[in-house]
Amino acid sequence: MQGYTLAELLAVEASKYVKDDEMNFVGIGTGGQAWIMAVGMPTVAVCLAQHDHAPNATLMIGPVLDPLLDDIYVPDANWEYDLIHWPCRCQIPLEDALGIFRQGRLGLSFASAAQVDKYGNFNIARIGTKENMKVRLPGCLAQTDHGAYANRICVTVRHNRRTLVEHVDFISSAGHENREGLPGGGPVLVLTDKAVMDFEPSTGLMRLKSVHPGVKVEDVIENTGFSLIIPSSVPETSPPTKEELQLIREVIDPKRKFLEARITQEAAVLEE
Amino acid sequence: MKMERINKLITLKQAGEMISDGDKVAIAGSLIRRHPMALVHEIVRQKKKNLTILGWNNGIDFDMLIGAECVKEAHSSYVGLSNVGLAPNFRRAVQEGKVRFVDHSETCAIDKFRAGATGAPYALSKTPLHNDLQKNPEYQKEVTDPFTGEKWIALEAFRPNIAIMHAHRADIYGNVQLDPQRMMDNETDILICKSADKVIVTVEEIVEEEEIIRTPAQTVLSKFFVDAVVLAPYGAHPNSCDLRYDFDIQHSRLYRDMSLSQEGFIEYMDKYVYSSSNWEEYLEKIGKDRLDAITRTDIIRR
Amino acid sequence: MKYTLEELLAVEISRHIKDGEMGFVGVGTGGEAFIRAVGIPAVASRLAQLCHAPNYTIMFGPILDPVLDAESIPETNFEPDLIRWPCRSQITVEEALCIFKRGKMGIGFASGAQIDAYGNMNIVCVGEYKNPKVRLPGPLAQPDHAAHAKRVFAIQKHDCRTLVEKVDYISATGNQNREGLAGGGIAFVFTDLAVMDFNPDTDRMRLRSIHPGKTLKQIIENTGFELEIPEKVPFTQPSDDRDLELIRTRIDPSKKWLNAEITKEPATLEKNV
Amino acid sequence: MIQRTSKVKKLKDAISMIADGDKVAIGGSLIRRAPMALVREIARQRKRELTLYSWSAGMDYDLLIGAGCVKEAWSSYCGLFQFGMAMNFRRKVESEEVRFVDLSESCAKDKFRAAAFGQTFCVSKVPLHTSMMENPEFQSIIECPFTGEKYVAMEAYHPDVAIIHAHRADQYGNVQWKPIRMMDNECDILIAKSAKKVIVSVEKIVDESVIINNPTWTMLPKMYINAVVELPYGAHPNSCDTLYDFDLEHGRLYREYSQTPEKFKKYLEKYVYGCPEYEDYLNLCGGIETLSKISRDTLEVE
């Protein structure tokens, strides 16, 4: 037993990328595992950062801007009524939210995707070509806006060859392949159940940064659908400290509303 | 490392020091309503020069800055004292060619602020067609709708260096609220602030953060838009401030009458602005009786 | 019944208001300018609602569709009173813009320092733009109204300084060149002496009726350009007792509108006739 | 004296204003406050060849697509949110029976806002280097006349009809939402403003005096509105701000029924074609008494 969950490991890792006085974005999300990756884990990451090195960091969860993130303030459900009553500093019209993106005021945006390719292009629209479509997914949402405007993007996905592909079937968010004319910085971090990846500045290609405790580099290569850049030495992802775990389990998320998606009424865990 | 949250509450003097000579300064409020006069006084006292001032509907704020020779260029759809007449300093300066004034229609001015606020490079309008609003060609260009072939005028977005606004209340972190019963015109102030790189807000009162949290839908500017908050009760005087206090018509008439000549204006400024070291001293000169007379005591329904 | 010039104009204007449309009245300033730009249009609007246009509404700055009977009219036109003025909607400027740009504005009531033979109006400057003789407050929303309203109604002082051959600055586009503009242009000019409209063939202003007691000579002498004058010009129809009764008892008994009492800077147009 | 015009209409009559081939914009978002009763009536009247616009669609799109009403649909999303994929949408888009045009939220809003502001087009950088550009509608590049930067030009949306669900209205069409609401709903305002005709369903038709007592709640004044239909629980099974929750039970039932075309036909027969009157649907769902279990706040002020 390693004494911590995958969701805890990822939340602690992601919190290191949250900067003070920046705005962070998560969507309202859907349910289950996808919700943990897109919303639950990132929310805990931001709250951890607020308790540590980023007290002025704020979170935008849809129209709820800058909510109180400690468990005692977090509603038991994420239905509309509960979201409206979630104590927060501001409830903003969408107009404002989109204005915020377009002005480049969005620091770190947390995303999830059906496909991510070696350049960090994301796809949440469809699998297959336009002519020969295999799976039609819900659509771009604001991901394209984030791809264009967010300073930095962190994406969390399952580590397998279906997800990490040579080239995505539909670019719903532009990576580093071609960013001419786009003001945002694009993706900086890819978190999976096996490893942490970033992008090599000179080529814009994805490279391995660390492997989670117990995972072998070969295992990562095996499960990646393109040729990942592997540095000569790959460290282990740092496990959560005792203090971090205590903060998560006692103050931030004791009821597992976030890290087990209990707030969505469709509970799940990240471990398969 | 444990860090503290940023307290954005500063003094009027410190706020004035955030503005540099040559800055583009957007001023919120409209006509004789809720212009940030405490900050306007401070800009004058600190003798800022060569400012470009931007607004959509302006009054004593523009007139005083222009009269005090702080301004090189000004953009608005209106500079006047509304109920009490024309703006004497503005008229003098523009007629003598001392200040360049760029005319916009109301919608064009707001379009330009919205373009700035929403990050668009320009706004599209047909308002300037066939009239003289196009006399400042560097700010507007013709563009063609690629779908219909229609011609539009592209209005360059306003991107001020700094915006100044007077609001009802805020917490020390910079979450700014307007009372829910207010002139809905005031929504434009939000666009004005959002178009700027830096924002200073003066407020009637500072409230605890808990109070902001209790009424989040009233937060019109969340803290990440706001760089500084200054406590300035009656900070819009002699302009009105929604349900809180009236337009001070008596003082406005005095301002108008004294401003009719350059000498008179200098006398006014010496008496009310230059010899006051802060906003409280100015209010003392206006007098408690006068302030009580314009104060309204509506209960704000939240 | 005897009537004042303000009453004559309000009644005449009300006759041109159509049911179901919307009119724009600015919040206005004070004194005579207020009477022309706001007071007369407000009374004309309520009279039209009571007589023949129950679905007609006005936008009074941010106050949309206010209750226009005397007992609902605020004591002053200052902000706290305006906010309390009973109305159906308080709208954002954003909202007001949409109403204009989407072509939903029927009548734009306007008043200017100058108006020319083609109905171009000027509230920006007198003299050359770069080096003006008189610098006025600025165009406000007048260019928007002229571009988008279906009809503009101008209410003007009648003298050679105001009615000029060519305005010094076009803040509202008249009828001569409207290429690309969706609105219908200027329809009527109401002055202290007469009512004018525009000849659709020449786009120039023409005399429509002469107020009772005024003369053609007076009008020609006080117009700074050659006004088109039809062979037969009727008198402006005098206000009847029913209209005057409504104005004096129900709409404006304390002269808040027609003598600008609401602005606390009261005035009257009569002394200028 | 002539009476003012009432815009109150019966559900059937309101929807008969929509013609085959119309472009229909739908308010609400995801599974929140879409005008589901209006949507079902469109399906019941078997409208054909519609083009749908929304910024973020859900069961509204799925039902209309499943009922064969739709030729083309634009949105940033079509899914059942917590309840997974929108199966009718998937089937028909995958088989190319329906053309679906993907665009981002901001692009959708830009297109609605452009129309609401009377523009024929708007510009955005968002589609650059994304597959949104594979649609011919996103292939016009224009340069900013001030900076030379490249933008994608997008045509404004010009829907023939918009359908939305609101909290209350008077008979004249002054439409209100309680101020305590999802601020997202502001999009409905732009959607309504973009359309030639607007049909609004409301929880309750109230006396005009109620509207007058709370004028800042009026988000859509009557000039935009062509028909008002009183339909309590008119968003069901969608949620309606703080008034009622999403109906979990019906959501799961819908998901089950939409797994195959055959099963979905049964859903339509039971809940749509089998309900000529709105009351029939309410009764099928257990009547007002059962539905009141999902009720939360009342329409009154707290």
Side-chain angles (χ1 to χ4, degrees), chain B residues 30-34 56-58 76-87 90-95 97 101 103-108 110-111 114 125-133 135 150-152 181-188 191 240-247 249 296 298, chain C residues 27-31 34 61-63 76-84 89-97 100-101 120 122 124-125 127 129-148 168-173 176-182 263-265:
Chain B
S30 63
L31 301 172
I32 50 172
R33 299 209 315 267
R34 223 168 30 65
W56 72 279
N57 224 322
N58 299 85
S76 184
S77 80
Y78 177 90
V79 184
L81 302 180
S82 196
N83 290 44
V84 300
L86 300 169
F90 160 75
R91 289 185 71 188
R92 259 197 305 280
V94 176
Q95 286 164 199
F101 189 72
D103 285 282
H104 301 283
S105 81
E106 289 186 359
T107 67
C108 290
I110 294 168
D111 281 345
R114 189 191 314 100
S125 179
K126 290 195 173 185
T127 294
L129 285 174
H130 312 309
N131 60 36
D132 293 328
L133 293 182
K135 280 195 171 157
E150 276 189 59
K151 292 259 181 285
W152 287 85
Q181 291 116 286
R182 63 176 188 267
M183 289 301 267
M184 300 299 276
D185 267 2
N186 295 351
E187 307 299 317
T188 309
L191 291 180
S240 64
C241 188
D242 298 283
L243 289 187
R244 293 179 181 237
Y245 49 87
D246 268 343
F247 176 54
I249 195 165
R296 297 281 186 121
D298 280 71
Chain C
V27 178
T29 51
F34 176 88
I63 317 275
T76 74
N77 68 342
F78 300 145
E79 188 169 19
D81 285 335
L82 282 183
I83 290 180
R84 290 282 187 237
S89 179
Q90 290 174 341
I91 56 169
T92 61
V93 176
E94 196 70 36
E95 171 68 52
L97 296 187
F100 275 106
K101 292 193 177 183
N120 296 306
N122 171 19
V124 168
C125 65
Y129 184 54
K130 298 277 180 209
N131 182 21
K133 243 193 305 192
V134 184
R135 172 65 229 195
L136 298 163
L140 283 164
Q142 202 175 75
D144 305 311
H145 299 189
H148 298 289
D168 294 330
Y169 180 103
I170 303 175
S171 55
T173 308
Q176 197 177 12
N177 183 357
R178 295 194 58 82
E179 186 208 334
L181 294 178
T263 69
K264 301 298 160 202
E265 296 273 305

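In what follows, chains carry the letters A, B, and so on, assigned in the order in which the sequence lines appear, proteins first and then strands, with residues in each chain numbered from 1. The structure presented is a predicted model; accordingly, all values stated were derived computationally and were not measured. These values consider heavy atoms only, across backbone and side chains, with no hydrogens, waters or symmetry-generated copies.
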If I take atom [atom1] from residue [X] and atom [atom2] from residue [Y], how far apart are they, to the nearest 0.5 angstrom?
X        : Y        : atom1 : atom2 : value
C:Leu181 : B:Leu129 : CG    : CG    : 5.5 Å
B:Glu106 : C:Leu140 : CD    : CG    : 5.0 Å
C:Ile83  : B:Asp242 : CD1   : CG    : 5.0 Å
C:Asn77  : B:Ser82  : CG    : OG    : 7.5 Å
B:Leu86  : C:Leu136 : CG    : CG    : 6.5 Å
B:Asn131 : C:Ser171 : CG    : OG    : 8.0 Å

Quick check on [X] against chain B: is it the side chain, the backbone, both or neither that has a heavy atom closer than 4.5 Å?
X        : result
C:Tyr169 : both
C:Asn120 : neither
C:Glu179 : both
C:Tyr129 : side chain
C:Arg84  : side chain

**Item:** Pairwise side-chain contact, B:Tyr78 with C:Pro137, heavy-atom cut-off 4.5 Å (strictly under)
**Value:** yes
**Request:** Answer whether the closest heavy-atom distance between the side chains of B:Gln95 and C:Asn131 falls below 4.5 Å.
**Result:** no
**Request:** Provide the closest heavy-atom pair for C:Pro139 versus B:Leu133 in the form atom of the first, atom of the second, distance.
**Result:** CG-CD2, 4.1 Å
**Complete:** For B:Arg91 and C:Val134 the tightest heavy-atom approach is NH2-CG1, 2.9 Å
**Request:** Under 4.5 Å heavy-atom distance to chain C, tell me which part of B:Leu81 shows up: side chain, backbone, both or neither.
**Result:** neither
**Request:** Check each atom of B:Asn58 against the heavy atoms of chain C and say whether the ones under 4.5 Å are side chain, backbone, both or neither.
**Result:** neither
**Message:** At a heavy-atom distance under 4.5 Å, which candidate from C:Pro143, C:Ala147, C:Gly127 has the highest pair count against chain B?
**Reply:** C:Pro143
**Complete:** Per-residue tally against chain C (heavy atom, under 4.5 Å) across B:Glu150, B:Arg244, B:His104 peaks at B:His104
**Residue selection (most heavy-atom pairs with chain C, distance under 4.5 Å) from B:Thr107, B:Ile32, B:Val79** = B:Thr107
**Test salt bridge (charged side-chain N to carboxylate O under 4.0 Å, His left out) applied to B:Arg296 - qualifying residues, sequence neighbours left out** = B:Asp246, C:Asp81
**Asked** Residues two or more places apart in sequence or in another chain: which of them pass salt bridge (charged side-chain N to carboxylate O under 4.0 Å, His left out) with C:Arg135?
**Response** B:Asp103
